[in-house]
Protein chains: 2
Amino acid sequence: MAGLDEGERELWDAWKRSTEGVRARINAEVAGETGLSEADVSVLTHVHDGGGGALRQHELAVAMGWHRSRLSHHLSRMQERGLVTRESVAGGVELRTTTMGRAALLRARPVHAAAVRRHLVDAVPARDRDRLLTLLRLLAD
Amino acid sequence: MAGLDEGERELWDAWKRSTEGVRARINAEVAGETGLSEADVSVLTHVHDGGGGALRQHELAVAMGWHRSRLSHHLSRMQERGLVTRESVAGGVELRTTTMGRAALLRARPVHAAAVRRHLVDAVPARDRDRLLTLLRLLAD
DNA sequence: ACCTAGCCGTTGACACGTCAACGAGGCCGT
DNA sequence: ACGGCCTCGTTGACGTGTCAACGGCTAGGT
C-alpha cells in the first residue's frame with residue numbers, strides 16, 4: 001500500500017502536533033522561568049533523589065531511556081554550568097549534584113510541576129487518565 | 001505544591017517515553033531506508049500534494065504547525081540536497097518539489113506509512129483509536 | 001510623500017540528538 | 001600471561017530546533 005488512509009493520517013497528525021506542542025510548551029515555560037531545560041530537571045531529579053546522593057551514569061541512562069552518547073553530551077553541558085560533578089570509579093562514572101545544582105532544582109521543581117499539570121495532566125479529562133496511561137505504556141514498548 | 005504526585009509522575013513519564021520512543025523509531029526506520037527524515041517526508045508531501053504543485057512557505061508553516069525560522073532552516077537544507085526549490089514571489093516564497101524530490105517521496109511513502117503503522121497505529125488497539133485521537137486533539141490545543 | 005506598523009522570511013548563535021569511531025577496563029578461556 | 005570480547009563512556013561530525021535580531025515589503029494614516 002502506498003500511503004496512509006484518512007484515519008491513519010488523522011491519528012499520525014494529531015500525534016505529531018500534540019507531542020511536539022506539549023513538549024515545546026513545557027520546555028519553554030520551564031526554561032523561561034528557571035534557566036533549566038526539562039531534561040536538566042529530569043537529570044537533577046534522578047541524581048538527587050536516587051542512589052543516596054550518587055548515581056552511576058549507566059543507571060541514569062537506563063532510568064531515563066537515553067543513549068550513552070546523549071547522556072554524555074548532556075552531562076558535559078551540565079557540568080560546564082556547574083550543576084553536576086562526574087567522578088570516575090571502578091566500572092563507571094559516579095554522578096553527584098552540586099550545591100548550585102540542588103538549589104536550581106529546588107527552584108525549578110514547582111515551576112516544572114505546574115507546567116506539566118497545565119499542559120498535560122489537567123488537559124486530560126480525569127476519567128480518561130487511566131486509559132491514556134495504559135495506551136502510552138503500550139506505545140513506549 | 002512542590003512536585004508531582006505519583007499518578008501525575010507516572011503519566012508524565014509514560015508520555016515522555018512513548019513520545020520520544022515512537023518519534024525515534026519512526027525516524028530511524030524512515031531515515032535508514034530512504035535517506036529522508038520524517039520531517040522531509042512531511043514537507044515533500046505537503047508541497048507535492050497541496051497547492052497544485054506550488055505552495056507558499058507561510059501556508060506550509062501553518063499546515064505543519066512550525067515556526068518560520070524552523071521551516072526556513074529546514075528548507076535550506078532540503079534545497080541544498082536538491083529536494084525542493086524556492087522562488088520568491090509577491091508577498092512570499094513559492095515552494096516546488098524537484099524531480100529528485102518527487103522521486104525520493106515516491107520511494108519513501110510506503111516506508112513511512114509502514115513505519116507509522118508499525119510503531120503507532122497498529123500498536124493501539126483498534127477500539128481505542130477514536131478515544132486516543134480525541135485526547136490527542138485536546139492536547140494539541 | 002512620509003512614517004509607522006505588521007507580515008514574511010533569513011540569519012547566526014547556541015542547545016540538543018544521533019551515529020559511528022574510538023579508547024579504557026574488566027573478564028573469561030586457553 | 002595472553003588474546004578476544006564485552007561494557008561503559010567520550011568524542012567529532014552533522015542534522016535538527018529555538019530564540020532574538022534583522023531586512024524587505026506592503027498597507028494605512030496623516
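Fair warning: this is a prediction, and the values are worked out from it, not measured in the lab. Chain naming here is simple, since letters A, B, ... match the order of the sequence lines and numbering starts at 1 in each.
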Looking only at side chains, do D141(A) and H119(B) share a donor and an acceptor under 3.5 Å apart? no
Answer with yes or no whether the side chains of R102(B) and T97(B) bring together a donor and an acceptor at under 3.5 Å. yes
Whole-Å distance, L36(B) CG to dG15(D) P, equals 13 Å
About how many Å separate CG of D13(B) and CZ of R17(B), when rounded to the nearest 0.5 Å? 5.5 Å
Let me know the distance between CH2 of W66(A) and P of dC19(C), rounded to the nearest Å. 15 Å
Between E38(B) and R23(B), is there a side-chain N and carboxylate O pair less than 4.0 Å apart? no
Between atom CZ in R81(B) and atom P in dG15(D), what is the gap in whole Å? 8 Å
Close N/O contacts between protein and nucleotides 5-15 of chain C (under 3.5 Å):
from    : atom 1 : to     : atom 2 : distance (Å)
dG9(C)  : OP1    : V93(B) : N      : 3.0
dG9(C)  : OP2    : H58(B) : N      : 2.9
dG9(C)  : N7     : R68(B) : NH1    : 3.2
dT10(C) : OP1    : R86(B) : NH1    : 2.9
dT10(C) : OP2    : Q57(B) : NE2    : 2.8
dT10(C) : OP2    : S72(B) : OG     : 2.6
dT10(C) : OP2    : R86(B) : NH1    : 2.9
dT10(C) : O5'    : S72(B) : OG     : 3.4
dG12(C) : O6     : H73(B) : NE2    : 2.7

Nearest-angstrom distance from the residue atom NZ of K16(B) to C1' of dG17(C): 15 Å
Between atom CD in E80(B) and atom C1' in dG15(D), what is the gap in whole Å? 13 Å
Can you find a pair of side-chain heavy atoms, one from K16(A) and one from S42(B), that are under 4.5 Å apart? yes
In this structure, how many angstroms lie between the P atom of dC14(D) and the CG atom of D40(B), rounded? 17 Å
Side chains of H112(A) and R109(A): do they bring a donor and an acceptor to under 3.5 Å? no
Cation-pi between R70(B) and W66(B): NZ/CZ under 6.0 Å from ring centre and within 45° of the ring axis? yes
Output the distance between atom CG (L105(B)) and atom CG (L36(B)), rounded to the nearest 0.5 Å. 8.0 Å
Axis-to-axis angle across the helix from dA1(C)-dT30(D) to dT30(C)-dA1(D), five pairs each end, nearest 10 degrees, ~ 0°
For N27(B) and dT18(C), give me the distance from atom CG to atom C1', rounded to whole Å. 10 Å
